[in-house]
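First up is the structure itself, then whatever we jot down about it.
Naming convention: chains lettered A, B, ... in sequence-line order (proteins, then strands); numbering from 1 in each chain.
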2 protein chains.
Amino acid sequence: VSAANVALPPNPACVAGPGQQCAHALVDRELNQRLYEYEQRVRERFTRILETLKVLSSMRHQSDFVAKAQQLASMQLGYALPDHLLEDAWIAGLDLRALHAYCTFQSFHACVENAESDQQALRERSLLDPDFIRGCGFHTVDISPCADGRLQGLVPFIFRMAPNSAVTVKAYAGALFDIESDIADWTHRELLRLSDGLAPGSAEGNYLKIAVYHFSTSNPGHQGCAAHGSNDHQATEAALDRLKELRSAIDNIYGFGAAPDCLLIGVDTDIDAIRVHLPDAQGHLNVHRFVDSSQLYRDTLNMDSATARQHIASTVDQTQHMDGWGRGEGEMVAGMREFVIHLLEANLSQIEYVIQHHEGRYQVIGHNERFICVGEAMTELQLRNKFYFAHLDTVEEGANDMDVGIRIFTGLNIQHGLGVPVLIHFHYSSRVPGARERAIQRCQRVKNALASRYAHLQNNHQLFCQMAISDVHGSERGCFVEDVESECTVH
Amino acid sequence: VSAANVALPPNPACVAGPGQQCAHALVDRELNQRLYEYEQRVRERFTRILETLKVLSSMRHQSDFVAKAQQLASMQLGYALPDHLLEDAWIAGLDLRALHAYCTFQSFHACVENAESDQQALRERSLLDPDFIRGCGFHTVDISPCADGRLQGLVPFIFRMAPNSAVTVKAYAGALFDIESDIADWTHRELLRLSDGLAPGSAEGNYLKIAVYHFSTSNPGHQGCAAHGSNDHQATEAALDRLKELRSAIDNIYGFGAAPDCLLIGVDTDIDAIRVHLPDAQGHLNVHRFVDSSQLYRDTLNMDSATARQHIASTVDQTQHMDGWGRGEGEMVAGMREFVIHLLEANLSQIEYVIQHHEGRYQVIGHNERFICVGEAMTELQLRNKFYFAHLDTVEEGANDMDVGIRIFTGLNIQHGLGVPVLIHFHYSSRVPGARERAIQRCQRVKNALASRYAHLQNNHQLFCQMAISDVHGSERGCFVEDVESECTVH
Ligand SMILES: [Zn+2]
Ligand SMILES: [Zn+2]
Ligand SMILES: [Zn+2]
Ligand SMILES: [Zn+2]
């Protein structure tokens with residue numbers, strides 16, 4: 001147990017005495033092992049950067065510095081550094097900010113290049129796979145968590161969902177997703193469904209929208225959602241209001257009954273437990289009607305798996321019929337109930353993962369992101385606190401989300417002399433002529449807008465932007481593009 | 001004939017000797033008369049502004065200036081001026097820029113308030129009405145002209161179409177419309193069609209996209225499309241390329257055959273004649289395969305209406321079968337042919353309108369806009385050279401279109417000591433909760449972005465922005481909103 005943890009209360013999900021173990025019958029230990037290997041592999045690509053730069057800095061006066069530096073970089077990091085950033089080091093010192101940003105982007109790129117093999121084990125064994133989700137009646141799962149980096153491992157870790165094309169993540173500060181943009185996404189998927197353009201078996205399915213707020217049980221007033229002043233109740237209600245607005249917007253535009261199914265989920269970012277709010281028969285959600293997975297973990301810890309499963313199901317059903325502030329009208333449909341129950345069960349594995357690999361509660365319960373990602377999310381990198389992610393089409397619309405990110409990185413990086421690495425990423429479809437060029441133009445537009453909005457950082461050599469694009473169909477993924485348009489030949 | 005016109009070549013559509021008249025059998029003179037009254041009424045609201053300000057300026061040292069000024073304004077302009085802009089005139093002089101911008105917006109608002117009665121006569125008699133358009137097989141007509149003010153009378157004047165909810169105008173500099181935004185619009189209308197949300201009789205219809213480029217026959221090298229360096233051929237090909245991209249994008253996303261029907265039309269902004277490019281059996285267009293309405297006007301001037309109609313139809317059919325560079329594969333479908341033939345016939349009325357009311361060629365063949373409109377177009381004001389219109393969601397995406405507009409107004413207004421009035425307008429649906437507030441937020445976002453992009457104008461008191469919103473269903477139209485959100489009670 002690290003020193004920083006001593007003062008904190010014991011892990012609420014499981015208090016084990018000396019020699020005891022928290023081992024729940026419903027936990028998938030093989031999957032946990034695979035996720036831990038994935039986490040280690042990815043984490044290492046980033047933690048080595050500062051170590052390596054420290055060594056480089058200390059040897060910059062040695063003769064043959066450039067060659068030695070390149071040797072060290074390729075050994076420690078697995079890639080070369082730009083010669084021009086090394087050559088003048090003996091005169092002007094190392095441009096550590098530029099090197100740090102360069103390495104961050106290269107390490108990100110290594111994650112993308114290795115995603116196929118890194119993530120294969122996860123895809124094969126994820127608990128909520130595409131067939132299960134379709135079986136529950138959902139052709140699309142559109143998740144909007146907060147932009148907060150602590151939620152960026154949401155899909156494979158906290159939800160134990162396999163990365164796949166029917167699951168999209170669009171993060172916004174405070175989970176305050178953009179209604180108009182969501183209507184457009186819903187319309188697109190709905191039309192694909194009607195024109196048989198979705199995966200087989202999706203024609204009868206619904207669109208599932210999930211809003212994900214977050215809070216911190218160990219330090220609720222400070223490590224909750226920054227966008228809501230660490231106020232849980234406000235974060236919950238704001239996300240719920242957004243869901244209601246989305247539903248009534250679509251019902252009003254396309255006719256009553258068109259609205260997507262909605263779920264509201266809260267994440268305790270200290271221990272990755274979830275609160276799943278239960279819709280009623282009308283699909284209405286309520287801030288007070290939810291099932292808490294950490295409570296479930298405790299209550300079912302010593303049960304065999306059949307009894308534990310029964311307990312989860314009956315807890316869900318009792319909660320459906322709760323009285324008082326959380327009272328709903330009738331029961332949710334069978335597919336939704338199935339989905340909710342399995343999601344709660346799947347999350348038990350993540351709770352135990354944190355118990356096993358992070359001593360019951362993350363050592364760093366606050367921000368610790370490595371870079372900011374803006375634009376559209378990539379499934380290739382999904383890990384807690386690796387990046388702050390703001391889904392946006394333009395900085396003009398996403399300015400608030402970007403400002404929150406820059407504020408976080410002012411504390412994380414700028415105050416320590418580093419800059420802010422910003423990855424700008426958009427998708428295109430290689431089947432659509434001109435779409436690749438337009439994606440690059442969009443990257444460039446966002447890059448220019450960032451340079452102008454954060455001119456003080458730009459002018460102080462503290463803002464580093466890297467543009468990247470991915471084909472939604474083909475093999476070009478996270479391809480870096482430079483200011484002057486050039487073919488992506490390296491990757 | 002004004003002095004400025006003497007040096008120009010005679011009107012290409014009709015050269016009448018002394019005492020002769022250009023009077024075509026297919027022209028709707030009653031409609032022309034109504035349009036002329038509409039033009040006069042609208043034009044007067046703007047031309048009186050500078051006259052009135054000139055008088056105000058000369059009397060600003062008179063005793064009782066404020067009362068006299070208000071009296072003059074309400075008599076000449078029909079509305080009051082803000083007292084605070086008048087009260088200090090005797091000390092600091094009149095703030096003519098602010099008054100000019102204020103009046104421009106108020107005059108615009110008068111057009112909106114009177115649109116119902118101003119335009120009723122047009123709506124009742126327009127040649128291409130909604131029933132006719134649906135009869136040709138189109139449930140939606142989505143028109144993208146150049147942002148150029150000379151095309152802002154396109155729908156009621158040049159095309160003789162009734163303003164109606166199935167016809168939308170989204171203007172972009174050079175007619176270079178936004179593919180992604182068009183896909184979203186198409187998707188929306190297509191889904192409405194499939195869910196029976198369109199006007200009755202639309203279920204079997206198609207979506208018609210029309211791109212409209214422009215050129216100047218009297219001064220081709222200077223008064224053509226600024227976005228294409230007044231190069232006709234380039235303007236034509238660029239618009240055609242955009243249409244091709246749109247078609248293949250939709251075909252590729254939603255399956256072959258999904259793509260909308262497309263038309264490419266050129267406007268000679270000197271005389272409002274059109275070139276209609278003819279699709280072939282596959283819907284393919286060609287820069288060299290078109291019918292020119294001014295040629296049709298000349299060729300059919302002395303025919304009776306039946307013969308003239310026959311001539312138009314046979315010209316269209318001969319052009320369909322032309323050889324050489326314009327050669328196509330097969331004939332367009334019957335509904336499209338019907339549409340094209342009627343559009344050509346309808347435009348003959350506009351050619352004669354210009355002959356009759358503008359001496360055969362507009363006196364001002366260049367720019368003469370009164371303000372810039374950004375965001376979404378309003379059907380309430382549609383008149384040549386009243387405004388420069390850039391369709392955009394964000395300044396970040398529409399920066400190029402805005403820059404062209406600011407350049408035009410630098411010549412028109414700033415060089416003469418006036419500022420640039422910019423109307424920022426967006427629609428919302430009152431049936432969608434929160435949509436009104438989001439439309440206001442969007443206005444505010446665009447306003448802030450304009451102030452920051454054109455900081456030099458903003459700081460020099462040369463940029464004047466007015467925000468306005470309209471409900472797509474209800475009666476709130478062009479409602480002015482101020483920086484601090486307040487209910488729209490006045491209008
Ligand atoms: Zn948050
Ligand atoms: Zn409450
Ligand atoms: Zn133009
Ligand atoms: Zn050519």
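Remark: B:E329 CD is loosely packed, at most 12 non-hydrogen atoms of other residues, nucleotides or ligands lying under 6.0 Å away. Heavy-atom contacts from other residues, nucleotides or ligands closer than 6.0 Å to CD of B:E204 number 12 or fewer.
Scanning residues 426-435 of chain B against chain A with a 4.5 Å heavy-atom cutoff picks out B:R431, B:V432, B:P433, B:G434, ordered by number.
Heavy-atom pairs under 4.5 Å with chain B peak, among A:E397, A:Q441, A:E245, at A:E397.
A distance of 9.5 Å separates CG of A:L191 from CD1 of B:I250, quoted to the nearest 0.5 Å. Between atom CD1 of residue B:I183 and atom OG1 of residue A:T187 there is a gap of 13.5 Å, rounded to the nearest 0.5 Å. In this structure, OH in B:Y254 is found 10.5 Å from CG in A:L194, a value given to the nearest 0.5 Å.
Contacts of B:R453 with chain A are absent, with no heavy-atom separation under 4.5 Å from either backbone or side chain. Proximity to chain B is limited to the side chain of A:R438, based on heavy atoms less than 4.5 angstrom apart.
In this structure the side chain of A:V446 reaches within 4.5 angstrom of the side chain of B:E396, judged on heavy atoms. Within the 4.5 Å cutoff, side-chain heavy atoms of B:H188 are placed close to those of A:I253.
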